[in-house]
Amino acid sequence: MGVAENLAAVEARIAAACAASGRDTSSVRLLPVTKTRPAADVRAALGSGYTRFAENLVQDGLAKAEELANTPATWALIGHLQSNKVRDALAFASEFQALDSLKLAQALDRRLEGQGRRLTVLIQVNSSGEDTKYGLAPADVPAFAAQLRPLANLDVTGLMTLALPSDDHSLVAACFERMRDVQDRLRDADGAGWDELSMGMSRDLEIAIAHGATTVRVGTAVFGAR
Ligand SMILES: *Cc1c(COP(=O)(O)O)cnc(C)c1O
């Protein structure tokens, strides 16, 4: 199957998952993850009407964005970012979904200030508790969020996570439930906001949607095995 057919199949999965939990299909955004895939695949997705894409590595994202500079493609960085790569990240990304330290937030804010622009940011949460995963422990997010408040150039709109890679539905669901708990605590503190929940990938997007995902980041199911 080609990219267009795969996108249609994933859209159908999203629609079914939304229907199953009484949600409007338009409340979930499909963010195609193009990592390791050639620019031709991005062009195919552009042909299906997608303009927003995600990469997990700064150098790859930068290269692909340059290759596709004459298209409407825009880019989200969804992988770990080191403070010394902030400049390269901001050269291609208009959204960053993996914020996990105050030092990084300050470095981003400082450079954005100099450029006179803002960046949409999500806090990465380690909802599975795995040592190998980046992100804040759920309990640490409210205090971290409070520290971000003075950083005027960051639009912190929500949270991102990767669930446990498990075939056990209940363990995956528990990760997404923790995200809802964190979101509830943030809203209790702030009154509103924190609308964005970026969670769910090729294997677990239905479970994520059942637990309130607003963005699903899908690579394999759209572009094939890496
Ligand atoms: C690769 C990646 C995805 C997409 O994973 P698939 O299993 O290919 O759908 C989602 N989020 C992040 C952070 C990734 O690095």
Side-chain angles (χ1 to χ4, degrees), residues 1-14 16-17 28-39 41-42 44-45 48 50 52-65 73-82 85 89 92-101 104 119-136 157-169 171-173 175-176 178-179 196-226:
M1 287 223 289
V3 168
E5 291 85 353
N6 290 344
L7 281 167
V10 173
E11 286 165 9
R13 285 175 61 188
I14 292 170
V28 178
R29 175 178 70 158
L30 169 55
L31 180 61
V33 179
T34 56
K35 67 188 186 199
T36 78
R37 310 302 307 192
D41 282 2
V42 183
S48 291
Y50 286 80
R52 188 134 199 75
F53 303 100
E55 287 281 326
N56 68 325
L57 298 175
V58 172
Q59 295 314 320
D60 291 357
L62 196 54
K64 212 164 286 176
T74 62
W75 299 92
L77 178 61
I78 59 172
H80 183 69
L81 175 61
Q82 291 170 306
K85 295 215 177 119
F92 79 96
S94 55
E95 179 177 341
F96 174 51
Q97 298 202 352
L99 184 64
D100 60 1
S101 84
L104 175 61
L119 183 73
T120 298
V121 170
L122 305 184
I123 298 171
Q124 184 171 356
V125 180
N126 183 351
S127 62
S128 68
E130 295 164 280
D131 293 342
T132 51
K133 294 261 173 75
Y134 288 107
L136 280 90
T157 58
L159 310 169
M160 182 275 255
T161 201
L162 294 102
L164 195 70
S166 168
D167 291 329
D168 185 333
H169 184 291
L171 294 179
V172 176
C175 293
F176 296 138
R178 276 176 212 121
M179 298 296 284
E196 195 68 54
L197 283 182
S198 175
M199 55 190 201
M201 321 197 297
S202 295
R203 62 182 295 155
D204 57 14
L205 67 89
E206 283 86 358
I207 309 173
I209 290 170
H211 289 87
T214 57
T215 290
V216 292
R217 309 176 308 271
V218 183
T220 317
V222 172
F223 299 108
R226 287 183 292 272

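Note that ligands are numbered from 1 as they come in the structure, with each ligand's atoms numbered from 1 the same way.
Contact check on E95 versus R217 returns no salt bridge, with no Lys/Arg side-chain nitrogen under 4.0 Å from an Asp/Glu carboxylate oxygen.
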Starting from the N and O atoms of ligand 1, find every protein N or O within less than 3.5 Å and list the pair with its distance.
| from | atom 1 | to | atom 2 | distance (Å) |
| --- | --- | --- | --- | --- |
| ligand 1 | 8 (O) | T220 | N | 2.8 |
| ligand 1 | 8 (O) | T220 | OG1 | 2.5 |
| ligand 1 | 8 (O) | R226 | NH1 | 2.7 |
| ligand 1 | 8 (O) | R226 | NH2 | 3.1 |
| ligand 1 | 9 (O) | S202 | N | 3.0 |
| ligand 1 | 9 (O) | S202 | OG | 2.5 |
| ligand 1 | 9 (O) | G219 | N | 2.9 |
| ligand 1 | 11 (N) | R217 | NE | 2.9 |
| ligand 1 | 11 (N) | R217 | NH2 | 3.4 |
| ligand 1 | 15 (O) | K35 | NZ | 2.7 |

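Ring geometry, H80 versus Y134: the interplanar angle falls under 30°, so the pair is classed parallel (tilted spans 30 to 60°).
Within the 3.5 Å criterion, the main-chain N or O of R37 finds a donor-acceptor partner in the side chain of K64.
In this structure, the salt bridge (Lys or Arg N to Asp or Glu O under 4.0 Å) partners of E130, at least two apart in sequence or on a different chain, are K133. Residues meeting the ring pair (Phe, Tyr, Trp, His ring centres under 6.0 Å) test with F92, sequence neighbours left out: none. Residues satisfying the salt bridge (Lys or Arg N to Asp or Glu O under 4.0 Å) test with E206, not counting sequence neighbours, are R13.
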